[in-house]
Protein chains: 2
Amino acid sequence: MHTPATAEHEGISRIERLCIERGLKMTGQRRLIARVLSESADHPDVEELYRRAVARDDRISIATVYRTVRLLEEKGILERRDFGGGRARYDQADRGHHYHLIDVDTGRVIEFADPRLDTLVREIAAGLGFTLEDNRIELFGRRVADTPDPAVPRGKPRDAE
Amino acid sequence: MHTPATAEHEGISRIERLCIERGLKMTGQRRLIARVLSESADHPDVEELYRRAVARDDRISIATVYRTVRLLEEKGILERRDFGGGRARYDQADRGHHYHLIDVDTGRVIEFADPRLDTLVREIAAGLGFTLEDNRIELFGRRVADTPDPAVPRGKPRDAE
DNA sequence: CTACTTGCAAAACTTTTGCGGCAGT
DNA sequence: ACTGCCGCAAAAGTTTTGCAAGTAG
């Protein structure tokens, strides 16, 4: 039922479907960006998206990439992130709420979900008189020396910068 | 024994003391920036710091403000923050680890500390095979309608954008 | 056909930097 | 004195935008 995440070799990409649902004109450029995004498991910045897109079809400009990610963000399809480094990075919005752990030595970004954390931050906000609308949690850590190897820490989506 | 936070009308500001301890040359410009920072309970961006500084003595340029906050960050006296909006904002580094709750309606930033959160994120990082070096946690929320008024939620330092 | 999109290049913004002169220690 | 700092203005880096031409619906 669920597309197995990588089953979009040539059909309509998941992001393209979302664009259509939201009534966006699907131009070649947007379709290309949608595909690149759907196939990206990491958090590329605009420059990187542009590089990946151009590699497939160079009839696209970086201005269009900027315009498109901004549009997709407004439509709730993408989320803008900032892991430091001056450039905005993008993340698909509907993959469920997750957090990020950044390896300070390698820059690798590991996604994780944690219900305890979900609950706690909601409680904290409530205690301050607020209802939580959103949150941004980034942990910066260093690999513990004697840990065998993280690879895929726990079946959670993993990812490299 | 602790300076009552606002007792720096004309003595040496807390930040200036830290600069001297770290062996920085105390020029008029740095002293001015140090004072403005010590008296700021909020998280100003560079433009705002520059405005506040110029108001007292216009023999300072914005380039110096940029250079100084960068220096103070390197010396561990300030911490650079990013609450979105494209500009870096600064926070005194030694006020203890705290987190931020941003009111999405007003932009107001509320600081809070929470030991449960400290512990939980450290545990999560450990579970992923990392030791926590740092973290960035920002909650975005909306005032609960029937709450009387937050003013100062809990004796924690409060602040407005 | 009409309204929205694109590419290009220029502009806008924030932040950094080279350099000659000035100032703290 | 010596070293580092400042102001100015130019540069750098990222993101936005005006405009004329092109295209999806």
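Chain identifiers are assigned alphabetically (A, B, ...) following the order of the sequence lines, protein sequences preceding nucleic acid strands; residue numbering begins at 1 within each chain. These values consider heavy atoms only, across backbone and side chains, with no hydrogens, waters or symmetry-generated copies.
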Exceeds 12 heavy-atom contacts within 6.0 angstrom, atom CZ of B/Arg116: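 Yes, CZ of B/Arg116 has more than 12 neighbouring heavy atoms, counting only those of other groups under 6.0 Å.
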Kindly check if the number of other-residue, nucleotide or ligand heavy atoms within 6.0 Å of CZ (B/Arg22) is above 12?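 Enclosed.
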Start at the 5' end of DNA chain D and walk down; is the nucleotide closest to A/Leu24 or to B/Ser61 reached first?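 Closest to the 5' end, via its nearest nucleotide, is B/Ser61.
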Are OP1 or OP2 of [N] and a side-chain N or O of [X] less than 4.0 angstrom apart?
| X | N | value |
| --- | --- | --- |
| B/Tyr66 | C/dT16 | no |
| B/Arg30 | D/dC5 | yes |
| B/Gln29 | C/dA23 | no |

Position toward the 5' end of DNA chain C (nearest nucleotide), A/Asp58 or B/Arg31: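 Closest to the 5' end, via its nearest nucleotide, is A/Asp58.
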If you assign B/Val46 and A/Thr68 each to the DNA chain C nucleotide with the nearest heavy atom, which residue ends up on the more 5' nucleotide?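 That would be A/Thr68.
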Side-chain donor/acceptor of A/Lys25 to base of D/dT23, under 3.5 Å: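 A donor-acceptor contact between them is absent.
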What is the separation between atom [atom1] on [X] and atom [atom2] on [N], rounded to the nearest whole Å?
| X | N | atom1 | atom2 | result |
| --- | --- | --- | --- | --- |
| B/Glu48 | C/dT15 | CD | P | 14 Å |
| A/Leu49 | D/dT14 | CG | C1' | 15 Å |
| B/Ile62 | D/dG7 | CD1 | C1' | 13 Å |
| A/Arg70 | D/dT16 | CZ | P | 4 Å |
| A/Arg59 | D/dG22 | CZ | P | 13 Å |
| A/Tyr50 | D/dT16 | OH | P | 17 Å |
| B/Arg51 | C/dT14 | CZ | P | 10 Å |
| B/Arg80 | C/dT14 | CZ | C1' | 11 Å |

Going by an N to O cut-off under 4.0 Å, is there a salt bridge joining B/Arg51 and B/Glu48?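 Looking at B/Glu48 together with B/Arg51, the answer is yes, because their closest N to O distance falls below 4.0 Å.
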With a non-hydrogen cut-off below 4.0 angstrom, is A/Arg67 in contact with a base, only sugar-phosphate, or nothing?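 Contact class for A/Arg67: base.
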Look at the side chain of A/Thr68 and the backbone N and O of A/Thr64, then say whether any donor-acceptor pair between them is shorter than 3.5 Å.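 Pair found, side chain donor or acceptor close to backbone of A/Thr64.
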Listed nucleotide nearest any side-chain atom of A/Thr64, set C/dT6, D/dT14, D/dG7: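 Closest nucleotide to the A/Thr64 side chain: C/dT6.
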Contact check, side chains of B/Met26 and B/Ile20, non-hydrogen atoms, under 4.5 Å: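 Side-chain contact under 4.5 Å: yes.
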